[in-house]
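Everything on this sheet refers to the single structure shown next.
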Amino acid sequence: MNLNTFEIFQAQAQASGIIFYHSGEFTGAIITAAAESLKHRIEESGASGPAKRKLFSTFVEMAQNILHYAALPPGADPAFVHGKPGTIGIGKCGDDYWVVCVNRVETAHIARLSEKLDAVRSMSLEDIRKSYRAQLHNTEHAAQDTLSKGAGLGWLTIARDSKQPLEYSFTSEPESLGKTAFFFVKAVI
Amino acid sequence: MQILRATRTAVTPEIVFSRAENKLLIDGECYPENPLPFFTPIVGALKAHLESHRPSQFDAHMRLQYVNSASTKGLQTIISVLNDAGSQGTNVNVYWTHDPEDDAMEELGQDLVEDFANVLLFRQPLAA
(Lines give C-alpha, C1' and ligand atoms only; values in the text may rest on other atoms or scores of the structure.)
Protein backbone atom coordinates (compact mmCIF):
# COMPACT_ATOMS: atom_id res chain seq x y z
CA MET A 1 0.00 0.00 0.00
CA ASN A 2 1.49 3.35 -0.95
CA LEU A 3 1.11 6.37 1.33
CA ASN A 4 -1.54 7.93 -0.84
CA THR A 5 -3.71 4.81 -0.64
CA PHE A 6 -3.18 4.77 3.11
CA GLU A 7 -4.30 8.42 3.35
CA ILE A 8 -7.49 7.55 1.49
CA PHE A 9 -8.06 4.58 3.83
CA GLN A 10 -7.57 6.81 6.87
CA ALA A 11 -9.81 9.59 5.52
CA GLN A 12 -12.56 7.04 4.83
CA ALA A 13 -12.24 5.64 8.34
CA GLN A 14 -12.56 9.13 9.78
CA ALA A 15 -15.52 9.98 7.54
CA SER A 16 -17.29 6.81 8.72
CA GLY A 17 -17.15 8.12 12.27
CA ILE A 18 -14.83 5.40 13.53
CA ILE A 19 -13.57 6.07 17.05
CA PHE A 20 -11.95 2.68 17.63
CA TYR A 21 -10.76 -0.11 15.37
CA HIS A 22 -8.61 -3.13 16.05
CA SER A 23 -8.09 -5.91 13.58
CA GLY A 24 -5.61 -8.61 14.44
CA GLU A 25 -4.66 -10.59 17.46
CA PHE A 26 -6.78 -10.56 20.64
CA THR A 27 -5.03 -11.62 23.85
CA GLY A 28 -5.84 -10.82 27.48
CA ALA A 29 -3.11 -8.17 27.54
CA ILE A 30 -4.26 -6.57 24.28
CA ILE A 31 -7.88 -6.45 25.48
CA THR A 32 -6.84 -4.80 28.76
CA ALA A 33 -4.74 -2.18 26.96
CA ALA A 34 -7.41 -1.59 24.29
CA ALA A 35 -10.11 -1.25 26.98
CA GLU A 36 -8.03 1.43 28.70
CA SER A 37 -7.48 3.31 25.44
CA LEU A 38 -11.14 2.94 24.47
CA LYS A 39 -12.23 4.53 27.77
CA HIS A 40 -10.36 7.69 26.79
CA ARG A 41 -11.72 7.68 23.24
CA ILE A 42 -15.30 7.30 24.53
CA GLU A 43 -14.73 10.14 26.97
CA GLU A 44 -13.42 12.38 24.15
CA SER A 45 -16.35 11.50 21.90
CA GLY A 46 -18.72 13.11 24.43
CA ALA A 47 -20.86 10.04 25.19
CA SER A 48 -23.31 10.28 28.12
CA GLY A 49 -22.66 8.36 31.35
CA PRO A 50 -24.91 5.39 30.51
CA ALA A 51 -23.67 5.24 26.88
CA LYS A 52 -20.06 5.18 28.11
CA ARG A 53 -20.73 2.15 30.29
CA LYS A 54 -22.68 0.39 27.54
CA LEU A 55 -19.98 0.96 24.91
CA PHE A 56 -17.29 -0.26 27.26
CA SER A 57 -19.29 -3.32 28.32
CA THR A 58 -20.17 -4.24 24.73
CA PHE A 59 -16.51 -3.96 23.72
CA VAL A 60 -15.34 -6.17 26.62
CA GLU A 61 -18.01 -8.84 25.98
CA MET A 62 -17.25 -8.94 22.24
CA ALA A 63 -13.45 -8.93 22.72
CA GLN A 64 -13.63 -11.74 25.29
CA ASN A 65 -15.93 -13.67 22.94
CA ILE A 66 -13.22 -13.46 20.26
CA LEU A 67 -10.57 -14.57 22.73
CA HIS A 68 -12.61 -17.53 23.96
CA TYR A 69 -14.41 -18.70 20.83
CA ALA A 70 -12.81 -17.46 17.59
CA ALA A 71 -11.68 -20.21 15.23
CA LEU A 72 -8.16 -20.03 13.78
CA PRO A 73 -7.38 -19.24 10.12
CA PRO A 74 -7.25 -22.17 7.69
CA GLY A 75 -3.94 -23.99 7.97
CA ALA A 76 -2.88 -22.25 11.20
CA ASP A 77 -0.92 -24.46 13.57
CA PRO A 78 -2.40 -23.89 17.06
CA ALA A 79 1.05 -24.49 18.56
CA PHE A 80 2.33 -21.31 16.89
CA VAL A 81 -0.71 -19.11 17.35
CA HIS A 82 -0.61 -16.44 20.02
CA GLY A 83 -4.06 -15.04 20.83
CA LYS A 84 -7.06 -15.15 18.50
CA PRO A 85 -7.55 -13.17 15.30
CA GLY A 86 -10.60 -10.92 15.07
CA THR A 87 -11.83 -7.39 14.47
CA ILE A 88 -13.79 -4.87 16.53
CA GLY A 89 -14.86 -1.48 15.23
CA ILE A 90 -16.73 1.24 17.10
CA GLY A 91 -18.11 4.34 15.46
CA LYS A 92 -20.54 7.20 15.86
CA CYS A 93 -23.45 7.77 13.51
CA GLY A 94 -25.65 10.75 14.43
CA ASP A 95 -26.54 10.33 18.09
CA ASP A 96 -25.89 6.58 18.07
CA TYR A 97 -22.80 4.49 18.42
CA TRP A 98 -22.34 1.20 16.58
CA VAL A 99 -20.11 -1.65 17.70
CA VAL A 100 -19.27 -4.44 15.27
CA CYS A 101 -17.20 -7.54 15.91
CA VAL A 102 -15.97 -10.09 13.39
CA ASN A 103 -14.28 -13.41 13.93
CA ARG A 104 -13.99 -16.82 12.36
CA VAL A 105 -16.23 -19.59 13.64
CA GLU A 106 -16.38 -23.24 12.74
CA THR A 107 -19.23 -23.80 10.29
CA ALA A 108 -20.40 -26.62 12.57
CA HIS A 109 -21.29 -23.95 15.16
CA ILE A 110 -23.31 -21.70 12.84
CA ALA A 111 -26.66 -23.35 13.63
CA ARG A 112 -26.06 -23.14 17.37
CA LEU A 113 -25.01 -19.46 17.22
CA SER A 114 -27.93 -18.52 14.94
CA GLU A 115 -30.34 -20.19 17.33
CA LYS A 116 -28.92 -18.27 20.32
CA LEU A 117 -28.93 -14.92 18.49
CA ASP A 118 -32.38 -15.40 16.96
CA ALA A 119 -33.75 -16.12 20.43
CA VAL A 120 -32.19 -12.94 21.83
CA ARG A 121 -33.28 -10.90 18.78
CA SER A 122 -36.91 -11.87 19.31
CA MET A 123 -36.94 -10.63 22.92
CA SER A 124 -38.18 -7.29 24.22
CA LEU A 125 -35.97 -5.46 26.71
CA GLU A 126 -38.16 -6.78 29.51
CA ASP A 127 -37.77 -10.36 28.18
CA ILE A 128 -33.99 -9.88 27.97
CA ARG A 129 -33.89 -8.76 31.60
CA LYS A 130 -36.04 -11.70 32.67
CA SER A 131 -33.86 -14.16 30.77
CA TYR A 132 -30.76 -12.55 32.25
CA ARG A 133 -32.09 -13.04 35.79
CA ALA A 134 -33.10 -16.63 35.06
CA GLN A 135 -29.70 -17.43 33.55
CA LEU A 136 -27.85 -15.77 36.45
CA HIS A 137 -29.58 -18.19 38.81
CA ASN A 138 -29.22 -21.18 36.49
CA THR A 139 -26.76 -23.46 38.25
CA GLU A 140 -27.02 -26.07 35.49
CA HIS A 141 -25.51 -23.89 32.73
CA ALA A 142 -22.10 -25.62 32.60
CA ALA A 143 -23.79 -28.99 32.20
CA GLN A 144 -26.39 -27.73 29.69
CA ASP A 145 -23.95 -25.94 27.40
CA THR A 146 -20.56 -27.61 27.37
CA LEU A 147 -19.20 -25.29 24.64
CA SER A 148 -19.82 -22.17 26.74
CA LYS A 149 -16.89 -20.95 28.80
CA GLY A 150 -18.77 -18.24 30.66
CA ALA A 151 -21.98 -17.75 32.54
CA GLY A 152 -24.21 -17.90 29.44
CA LEU A 153 -24.90 -14.20 29.88
CA GLY A 154 -22.73 -12.67 27.15
CA TRP A 155 -25.29 -12.19 24.36
CA LEU A 156 -27.98 -11.13 26.82
CA THR A 157 -25.59 -8.54 28.26
CA ILE A 158 -24.77 -7.19 24.78
CA ALA A 159 -28.43 -7.24 23.70
CA ARG A 160 -29.60 -5.48 26.85
CA ASP A 161 -27.38 -2.50 26.00
CA SER A 162 -28.32 -2.37 22.30
CA LYS A 163 -31.06 0.02 21.15
CA GLN A 164 -31.85 -2.28 18.24
CA PRO A 165 -32.01 -6.07 17.97
CA LEU A 166 -28.50 -7.43 17.42
CA GLU A 167 -27.73 -7.84 13.71
CA TYR A 168 -25.63 -10.78 12.67
CA SER A 169 -24.43 -12.56 9.55
CA PHE A 170 -22.07 -15.28 8.40
CA THR A 171 -19.82 -15.08 5.33
CA SER A 172 -18.20 -18.20 3.99
CA GLU A 173 -14.43 -18.47 3.78
CA PRO A 174 -13.67 -20.53 0.63
CA GLU A 175 -10.00 -21.07 1.59
CA SER A 176 -11.12 -23.08 4.61
CA LEU A 177 -12.91 -25.61 2.33
CA GLY A 178 -16.10 -25.22 4.32
CA LYS A 179 -14.56 -25.56 7.77
CA THR A 180 -14.84 -21.92 8.90
CA ALA A 181 -16.89 -18.81 8.18
CA PHE A 182 -16.72 -15.17 9.28
CA PHE A 183 -19.24 -14.21 11.92
CA PHE A 184 -20.36 -10.55 12.15
CA VAL A 185 -22.39 -9.05 15.00
CA LYS A 186 -23.55 -5.45 15.33
CA ALA A 187 -24.96 -3.65 18.36
CA VAL A 188 -26.24 -0.05 18.42
CA ILE A 189 -25.89 2.09 21.54
CA MET B 1 -3.91 -14.19 58.98
CA GLN B 2 -6.66 -11.81 60.01
CA ILE B 3 -6.86 -9.77 56.81
CA LEU B 4 -6.89 -11.08 53.28
CA ARG B 5 -6.15 -8.50 50.62
CA ALA B 6 -6.04 -8.41 46.85
CA THR B 7 -4.62 -5.30 45.24
CA ARG B 8 -6.66 -3.67 42.51
CA THR B 9 -5.49 -4.40 38.96
CA ALA B 10 -6.68 -3.04 35.60
CA VAL B 11 -9.26 -5.83 35.39
CA THR B 12 -9.91 -6.90 38.99
CA PRO B 13 -11.14 -4.93 42.03
CA GLU B 14 -9.46 -4.40 45.36
CA ILE B 15 -10.51 -6.93 47.98
CA VAL B 16 -10.15 -6.49 51.71
CA PHE B 17 -11.52 -9.29 53.85
CA SER B 18 -11.19 -8.59 57.55
CA ARG B 19 -11.98 -11.66 59.60
CA ALA B 20 -11.61 -9.75 62.88
CA GLU B 21 -14.19 -7.14 61.85
CA ASN B 22 -16.36 -9.55 59.84
CA LYS B 23 -16.21 -7.25 56.86
CA LEU B 24 -15.62 -7.72 53.18
CA LEU B 25 -14.87 -4.88 50.77
CA ILE B 26 -14.84 -5.29 47.00
CA ASP B 27 -14.02 -2.05 45.22
CA GLY B 28 -13.25 -1.42 41.56
CA GLU B 29 -13.85 -2.86 38.11
CA CYS B 30 -14.11 -6.56 37.51
CA TYR B 31 -13.64 -7.96 34.00
CA PRO B 32 -10.97 -10.67 34.00
CA GLU B 33 -11.12 -12.96 30.95
CA ASN B 34 -11.12 -15.94 33.31
CA PRO B 35 -12.79 -15.03 36.63
CA LEU B 36 -12.23 -18.36 38.39
CA PRO B 37 -8.63 -17.79 39.61
CA PHE B 38 -9.70 -14.41 40.95
CA PHE B 39 -12.82 -15.54 42.82
CA THR B 40 -11.75 -18.97 44.08
CA PRO B 41 -9.43 -17.80 46.92
CA ILE B 42 -11.85 -15.22 48.30
CA VAL B 43 -14.84 -17.58 48.11
CA GLY B 44 -12.81 -20.27 49.90
CA ALA B 45 -11.57 -17.93 52.64
CA LEU B 46 -15.02 -16.44 53.19
CA LYS B 47 -16.69 -19.82 53.40
CA ALA B 48 -14.08 -21.23 55.81
CA HIS B 49 -14.36 -18.20 58.09
CA LEU B 50 -18.16 -18.06 58.16
CA GLU B 51 -18.51 -21.80 58.74
CA SER B 52 -15.95 -21.97 61.55
CA HIS B 53 -16.75 -18.68 63.33
CA ARG B 54 -20.50 -18.24 62.76
CA PRO B 55 -20.33 -14.48 63.46
CA SER B 56 -23.51 -12.74 64.59
CA GLN B 57 -22.99 -9.96 62.04
CA PHE B 58 -21.26 -9.76 58.65
CA ASP B 59 -21.08 -6.72 56.33
CA ALA B 60 -20.14 -6.89 52.67
CA HIS B 61 -19.43 -3.60 50.91
CA MET B 62 -19.48 -3.92 47.15
CA ARG B 63 -18.53 -0.88 45.12
CA LEU B 64 -18.29 -2.05 41.58
CA GLN B 65 -18.10 0.30 38.63
CA TYR B 66 -18.20 -2.40 36.00
CA VAL B 67 -18.57 -6.20 35.96
CA ASN B 68 -18.25 -8.40 32.86
CA SER B 69 -20.82 -11.11 32.31
CA ALA B 70 -18.39 -13.92 33.17
CA SER B 71 -17.69 -12.39 36.62
CA THR B 72 -21.33 -12.12 37.65
CA LYS B 73 -21.29 -15.83 38.57
CA GLY B 74 -18.33 -15.24 40.89
CA LEU B 75 -20.17 -12.43 42.65
CA GLN B 76 -23.20 -14.63 42.91
CA THR B 77 -21.15 -17.38 44.52
CA ILE B 78 -20.00 -14.87 47.16
CA ILE B 79 -23.63 -13.87 47.83
CA SER B 80 -24.58 -17.54 48.01
CA VAL B 81 -21.86 -18.19 50.64
CA LEU B 82 -23.13 -15.17 52.61
CA ASN B 83 -26.67 -16.48 52.29
CA ASP B 84 -25.61 -19.86 53.74
CA ALA B 85 -24.16 -17.98 56.74
CA GLY B 86 -27.43 -16.05 56.96
CA SER B 87 -29.38 -19.28 57.15
CA GLN B 88 -27.09 -20.35 60.04
CA GLY B 89 -27.98 -17.25 62.04
CA THR B 90 -25.51 -14.61 60.85
CA ASN B 91 -27.08 -11.24 60.19
CA VAL B 92 -25.73 -10.43 56.71
CA ASN B 93 -25.87 -6.96 55.16
CA VAL B 94 -24.75 -6.34 51.59
CA TYR B 95 -24.09 -2.68 50.79
CA TRP B 96 -24.19 -2.31 47.02
CA THR B 97 -22.83 1.05 45.89
CA HIS B 98 -23.38 2.02 42.25
CA ASP B 99 -23.13 4.97 39.91
CA PRO B 100 -26.59 6.66 40.11
CA GLU B 101 -26.66 6.91 36.28
CA ASP B 102 -25.91 3.23 35.80
CA ASP B 103 -29.13 1.19 35.68
CA ALA B 104 -27.31 -2.03 34.80
CA MET B 105 -25.13 -1.94 37.92
CA GLU B 106 -28.09 -0.91 40.05
CA GLU B 107 -30.12 -3.86 38.75
CA LEU B 108 -27.24 -6.29 39.09
CA GLY B 109 -27.27 -5.77 42.87
CA GLN B 110 -30.94 -6.69 42.99
CA ASP B 111 -30.57 -9.58 40.53
CA LEU B 112 -27.71 -11.10 42.54
CA VAL B 113 -29.63 -11.30 45.82
CA GLU B 114 -32.86 -12.49 44.21
CA ASP B 115 -33.65 -16.01 45.49
CA PHE B 116 -31.41 -15.48 48.54
CA ALA B 117 -33.67 -14.79 51.50
CA ASN B 118 -30.95 -14.62 54.17
CA VAL B 119 -29.03 -11.55 53.07
CA LEU B 120 -30.23 -7.98 53.30
CA LEU B 121 -29.37 -5.69 50.38
CA PHE B 122 -28.84 -1.95 50.75
CA ARG B 123 -28.40 -0.17 47.44
CA GLN B 124 -26.59 3.11 47.66
CA PRO B 125 -26.11 5.48 44.72
CA LEU B 126 -22.55 6.78 44.89
CA ALA B 127 -22.47 10.48 45.74
CA ALA B 128 -20.93 12.43 42.84
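Letters A, B, ... are given to chains in the order of the sequence lines, protein chains preceding strands, and every chain is numbered from 1.
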Decide if atom CD of A:E115 counts as having more than 12 heavy atoms of other residues, nucleotides or ligands within a radius under 6.0 Å. no
Give the cluster check for A:V102 versus A:F20: same hydrophobic cluster or not, with ILVMFWY residues linked at side-chain heavy-atom distances below 4.5 Å. no
B:L36 portion near chain A, given a 4.5 angstrom heavy-atom threshold: neither
Among the listed options A:G154, A:S48, A:S57, the residue most often paired with chain B at heavy-atom distances under 4.5 Å: A:S57
Is it true that atom NZ of B:K47 has more than 12 heavy atoms of other residues, nucleotides or ligands lying nearer than 6.0 Å? no
Segment of B:E107 engaging chain A (4.5 angstrom heavy-atom cut-off): side chain
Euclidean distance, B:D103 CG relative to A:R53 CZ, rounded to 0.5 Å: 8.0 Å
Stepwise salt bridge (charged side-chain N to carboxylate O under 4.0 Å, His left out) check, B:E101 with A:K52: CA-CA 11 Å; B:E101 279 194 318; A:K52 273 191 250 180; over 6 Å; no
Which bit of A:L136 comes within less than 4.5 Å of chain B, counting heavy atoms only: side chain, backbone, both or neither? both
Check each atom of B:D102 against the heavy atoms of chain A and say whether the ones under 4.5 Å are side chain, backbone, both or neither. side chain
Atom pair CD1/OG of A:I158 and B:S69 - distance to nearest 0.5 Å: 7.5 Å
Contact part of B:P35 toward chain A, heavy-atom cut-off under 4.5 Å: side chain, backbone, both or neither? neither
Counting only heavy atoms not in A:K163 (residues, nucleotides, ligands), do more than 12 fall under 6.0 Å from its NZ? yes
Heavy-atom distance under 4.5 Å to chain A: side chain of B:Y31, backbone, both or neither? both
Interface moiety of A:T157 toward chain B, non-hydrogen atoms closer than 4.5 Å: side chain
side-chain contact (heavy atoms from CB on, under 4.5 Å) evaluation trace for B:Q76 with A:H137: CA-CA 8 Å; B:Q76 209 203 15; A:H137 292 268; 3.0 Å; yes
Would the distance check show the side chain of A:H68 and the main-chain N or O of B:E33 forming a donor-acceptor pair, the cut-off being under 3.5 Å? yes
Co-membership, hydrophobic cluster, residues A:V185 and A:F182, 4.5 Å side-chain: no
Spell out, yes or no, whether A:I66 and A:L72 are grouped together once hydrophobic residues are joined by side-chain heavy atoms under 4.5 Å, including indirect joins. no
Greatest number of non-hydrogen atom pairs under 4.5 angstrom with chain B, of A:R160, A:R129, A:E36, falls to A:R129
Side-chain heavy atoms nearer than 4.5 Å, only ILVMFWY residues, links allowed to pass through others: does that put A:L166 and A:L55 together? yes
Report whether A:L67 and A:I30 are members of the same hydrophobic cluster (ILVMFWY, side-chain heavy atoms less than 4.5 Å apart, transitive linking). no
Over 12 foreign heavy atoms within 6.0 Å of CG, A:D95: no
Just by modelled atom types, is the B:N68 backbone N or O under 3.5 Å from a matching donor or acceptor in the A:Q64 side chain? no
